[in-house]
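The structure appears right after this line, and notes come after that.
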Amino acid sequence: MFKQLTNYSMVILPDFHRVFNLLSDKLARWIRQFILLLPNILLAVVILVITYFIARLVRRVISNVLPRVSHSATLNNLIITIIYITVLVMGLFFTLEVLSLDKTVTSLLAGVGIIGLALGFAFQDIAANFISGIIIAIQRPFTVGDVIQTENYFGTIESINLRTLDLRQVTGELVRVPNRKVFESSVINYTVTTHRRVDVECGVTYDTDLEKTRDVVLDCMRGFPNLLTDRPVEVMFTGFGESSINFTLRFWILYRRQVDYVGAKSEAIMRIKRAFDRVGIVIPFPIRTLDISPELLEQLSKKLVRE
């Protein structure tokens, strides 16, 4: 039994020494390589530190210069961030070059390309909103504070981001509209011209003097607030209604916000009503005419008599 254990230990010990020698040789080579690579590591650290400070300096300089060229804060932030990250990535590539990790750089680029392609398919809606936001920031079809109308929403722009547009509706709700929806749909900007036409529809009875009606309406618009005097005030008769002859009052006002339009329309309606009451022009109620046959009228008469 003792001889068997002795023989077994004699077999194990050489294997242990061989493994230990292999590990020690490997560790010694690693230490020698680290010592040889130590100057490159120190140089790589210096490059990273210099790159970081250069990136911050470039970002600060561009932040001071870019607003003089572009007034879009969203676009400016995007450009500054892209340049800042680009400088950092270039410094990282120089660092890997110093460390003789060229193949690692190639592998990283290949991996980034594959990951970017996969993310592009997975988040194509987000990418579409992002690209639309960049185009909107460059073209600037509207700015913060403008009153716009899209296909589904109407209100004042509160902020323009790279992914969404924040729109405050006239009823108070805040709507975040995806930039892709805004970019692809028709948009009416009511603020861009600072002028807007107001249309007020009304009607008078058939026995009314239409020329007198036109003169009364035009006279009541004298001294109207925010009225553009270089645009004519127009009264156009538009058709024969069921109980009235219809007309439309059209005039232009200075427009800065939605309350200017709503207030002007309300003021015009009140002025027309006061002027018509003063001269006796009647705005008719809807009239319905019922034709009753003699037989039906006789039946109704008998029924009313019995009751």
- Using a distance-only test with no angle check, is there a side-chain donor-acceptor pair under 3.5 angstrom linking Thr150 and Asn152? no
- Which atoms form the tightest heavy-atom contact between Pro284 and Gly203, and what is the distance? CD-O, 3.6 Å
- Message: Looking only at the side chains, is there a donor atom on one of Asn179 and Ser132 sitting less than 3.5 Å from an acceptor on the other?
- Response: no
- Near Arg59 CZ, under 6.0 Å, is it more than 12 heavy atoms from other residues, nucleotides or ligands? yes
- Can you tell me if CD on Gln149 sees more than 12 non-hydrogen neighbours from other groups inside 6.0 Å? yes
- Message: For the OH atom on Tyr52, are there more than 12 heavy atoms of other groups (residues, nucleotides or ligands in this structure) within a distance under 6.0 Å?
- Response: no
- Message: Less than 4.5 Å apart, side chain to side chain, heavy atoms only: is that true for Asn246 and Glu201?
- Response: no
- Identify whether Val262 and Leu228 are in the same connected component of the hydrophobic contact network (ILVMFWY, side-chain heavy atoms under 4.5 Å). no
- Query: In Å and rounded to the nearest 0.5 Å, what is the CD1 to CD1 distance from Ile136 to Ile160?
  - Reply: 7.5 Å
- Query: At what distance, to the nearest 0.5 angstrom, does CE of Met236 lie from CG of Asp199?
  - Reply: 11.0 Å
- Could you pull out the closest heavy-atom pair between Gly91 and Ile47, with the gap in Å? O-CG2, 4.0 Å
- Message: For a 4.5 angstrom cut-off between non-hydrogen side-chain atoms, does Phe224 reach Val233?
- Response: no
- Item | Of all pairs that satisfy ring pair (Phe, Tyr, Trp, His ring centres under 6.0 Å), the ones with a partner from residues 149-203, not counting sequence neighbours | Phe154-Tyr190
- Spacing of Ile245 atom CD1 and Thr205 atom OG1 [to the nearest 0.5 Å]: 8.0 Å
- For Ser244 and Gly241, indicate whether the former's side chain and the latter's backbone hold a donor-acceptor pair under 3.5 Å. no
- Message: For a 4.5 angstrom cut-off between non-hydrogen side-chain atoms, does Arg196 reach Asp260?
- Response: no
- Message: With a sphere of 6.0 Å drawn around CZ of Phe240, does it hold more than 12 non-hydrogen atoms of other residues, nucleotides or ligands?
- Response: no
- Query: Should Val177 and Leu174 be counted in the same cluster of Ile, Leu, Val, Met, Phe, Trp and Tyr side chains packed under 4.5 Å apart?
  - Reply: no
- Query: Do Tyr255 and Ile148 belong together in a cluster built from hydrophobic side chains that touch within less than 4.5 Å?
  - Reply: no
- Query: Are the side chain of Thr86 and the backbone N or O of Ile82 linked by a donor-acceptor pair below 3.5 Å?
  - Reply: yes
- Interatomic distance, CG@Leu92 vs OG1@Thr51, rounded to 0.5 Å, equals 9.0 Å
- Item | Audit row: Gln169, Val175, side-chain contact (heavy atoms from CB on, under 4.5 Å) steps and yes/no | CA-CA 7 Å; Gln169 297 193 107; Val175 183; 3.6 Å; yes
- Output yes when a side-chain donor or acceptor of Asp215 lies under 3.5 Å from a complementary backbone atom of Lys212, and no otherwise. no
- Which heavy atom of Tyr206 sits nearest a heavy atom of Ser243, and at what distance? CE1-C, 3.8 Å
- Message: Looking at Glu158, is its backbone amide N or carbonyl O close enough to the side chain of Arg168 to form a donor-acceptor pair, meaning the two atoms are under 3.5 Å apart?
- Response: no
- Message: Is it the case that over 12 heavy atoms from other parts of the model lie below 6.0 angstrom from the CE atom of Met270?
- Response: yes
- What distance do Arg214 atom CZ and Phe247 atom CZ have between them, rounded to the nearest 0.5 Å? 12.0 Å
- Message: With a 4.5 Å cut-off on side-chain heavy atoms, are Thr208 and Val282 touching?
- Response: no
- Note on the structure: Heavy atoms of Ile80 and Ser63 approach each other most closely as CD1-OG, 3.3 Å
- Message: So does Val147 get a backbone contact from the side chain of Thr191, meaning a donor-acceptor N/O pair under 3.5 Å?
- Response: yes
- Query: Heavy-atom count around Glu173 CD within 6.0 Å, excluding the residue itself: above 12?
  - Reply: yes
- Query: Can you tell if the side chain of Val259 reaches within under 4.5 Å of the side chain of Val170, non-hydrogen atoms only?
  - Reply: no
- Query: Does CZ belonging to Arg176 count more than 12 external heavy atoms closer than 6.0 Å?
  - Reply: no
- Closest approach of Ala55 to Leu88 (non-hydrogen atoms, all atoms of both residues): CB-CD2, 3.7 Å
- Query: Are Val192 and Leu167 connected, step by step, through hydrophobic side chains (Ile, Leu, Val, Met, Phe, Trp, Tyr) whose heavy atoms are closer than 4.5 Å?
  - Reply: no
- Message: For the backbone of Arg274 and the side chain of Asp277, can you confirm whether one donor and one acceptor N or O come within less than 3.5 Å of each other?
- Response: no
- Query: Looking at CD1 of Ile283 and SG of Cys202, how far apart are the two atoms once the value is rounded to the nearest 0.5 Å?
  - Reply: 4.0 Å
- Query: Are any side-chain N or O atoms of Arg271 and backbone N or O atoms of Arg222, one a donor and one an acceptor, separated by less than 3.5 Å?
  - Reply: yes
- Message: In this structure, would Trp252 and Val235 fall into the same cluster of hydrophobic residues linked by side-chain contacts under 4.5 Å?
- Response: no
- Message: In the structure I gave you, are the side-chain heavy atoms of Ile62 and Tyr84 within less than 4.5 Å of one another anywhere?
- Response: no
- Quickly, which of Val200, Ile281, Val216 forms a side chain to side chain contact (heavy atoms under 4.5 Å, CB included) with Ile272? Name it, please. Val200
- Heavy-atom side-chain contact between Asn161 and Asp166 under 4.5 Å: yes
